[in-house]
Amino acid sequence: MNVLDIALTLGIGAVTLTLLLCGWRLLRGPTIADRVLALDTLYLSLVALVVLLGLRWQTPLLFEAALIVALLGFVGTVALARYLSRGDVVE
């Protein structure tokens with residue numbers, strides 16, 4: 001194993017731990033703001049995991065998947081924030 005393989009393994013492990021902790025906060029968050037932040041962080045961690053797996057498996061298809069997940073995560077967070085602040089997503 002070279003240094004890149006070790007770094008990728010550690011990175012995948014750390015991001016997986018982040019996903020688990022964000023999932024826990026999403027389910028157990030005491031306020032709705034905690035749950036929105038956990039959902040946003042969950043999307044960000046999922047993008048990081050997909051990118052790390054793309055580096056590990058050396059396939060460019062996963063980088064496109066990471067872009068799609070990032071776009072959907074952004075749109076979802078904005079829609080949820082608008083709904084919570086105004087009570088309606090579309091004006």
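When reading the values below, keep in mind they use all heavy atoms of this one structure, side chains included, and skip hydrogens, waters and symmetry mates. The residues of the chain are indexed from 1 along the displayed sequence.
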Study note, to complete from the structure: Taken to the nearest 0.5 Å, the spacing of Ile12 CD1 from Leu53 CG works out to 4.5 Å
Point to revise | Flag side-chain contact, heavy atom, 4.5 Å: Leu39 against Thr77 | key: no
**Study point:** Residue pair Arg28 / Arg35: nearest heavy atoms and the distance that separates them
**Key:** C-NH2, 4.2 Å
Review point. Among all residues two or more places apart in sequence or in another chain, which pass the side-chain contact (heavy atoms from CB on, under 4.5 Å) test with Leu10?
Key: Ile6
Review point. Of the non-hydrogen atoms in Cys22 and Ala38, which two are nearest, and what is the gap between them?
Key: O-CB, 3.7 Å
Exercise for review: Report yes if some heavy atom in the side chain of Leu62 is under 4.5 Å from a heavy atom in the side chain of Val51; otherwise report no.
Suggested key: no
Practice item. List for me each residue that meets side-chain contact (heavy atoms from CB on, under 4.5 Å) alongside Leu72, sequence neighbours excluded, and say none if there are none. Key: Ile68
**Study point:** Gap between atom CG of Leu84 and atom CZ of Arg82 - 0.5 Å precision
**Key:** 12.0 Å
Point to revise | Heavy-atom closest pair, residues Leu19 and Leu46 | key: CD2-N, 3.9 Å
Point to revise | Under 3.5 Å side-chain donor-acceptor pair for Arg56 and Thr9 | key: yes
**Study point:** Common cluster, Leu67/Leu61, ILVMFWY with side-chain heavy-atom separation under 4.5 Å
**Key:** no
Check your understanding: Within a strict 4.5 Å, meaning less than it, do heavy atoms of the Tyr43 and Val47 side chains meet?
Key -> no
Point to revise | Distance in Å, Leu26 CG paired with Leu21 CG, rounded so as to fall on 0.5 Å steps | key: 12.5 Å
Exercise for review: Check the surroundings of atom CZ in Phe63: do more than 12 heavy atoms from other residues, nucleotides or ligands lie under 6.0 Å from it?
Suggested key: yes
Check your understanding: Does one hydrophobic cluster hold both Leu49 and Trp57, with members joined at side-chain heavy-atom distances below 4.5 Å?
Key -> yes
Review point. CG of Leu42 to CG of Leu37: how many Å apart, nearest 0.5 Å?
Key: 12.0 Å
Practice item. Check the pair Leu44, Asp40 against side-chain contact (heavy atoms from CB on, under 4.5 Å), reporting the backbone distance first and the verdict last. Key: CA-CA 6 Å; Leu44 183 65; Asp40 192 41; 5.9 Å; no
Check your understanding: Does the pair Leu4 and Leu8 meet the rule for a side-chain contact (heavy atoms from CB on, under 4.5 Å), with working shown?
Key -> CA-CA 6 Å; Leu4 183 60; Leu8 284 174; 4.2 Å; yes
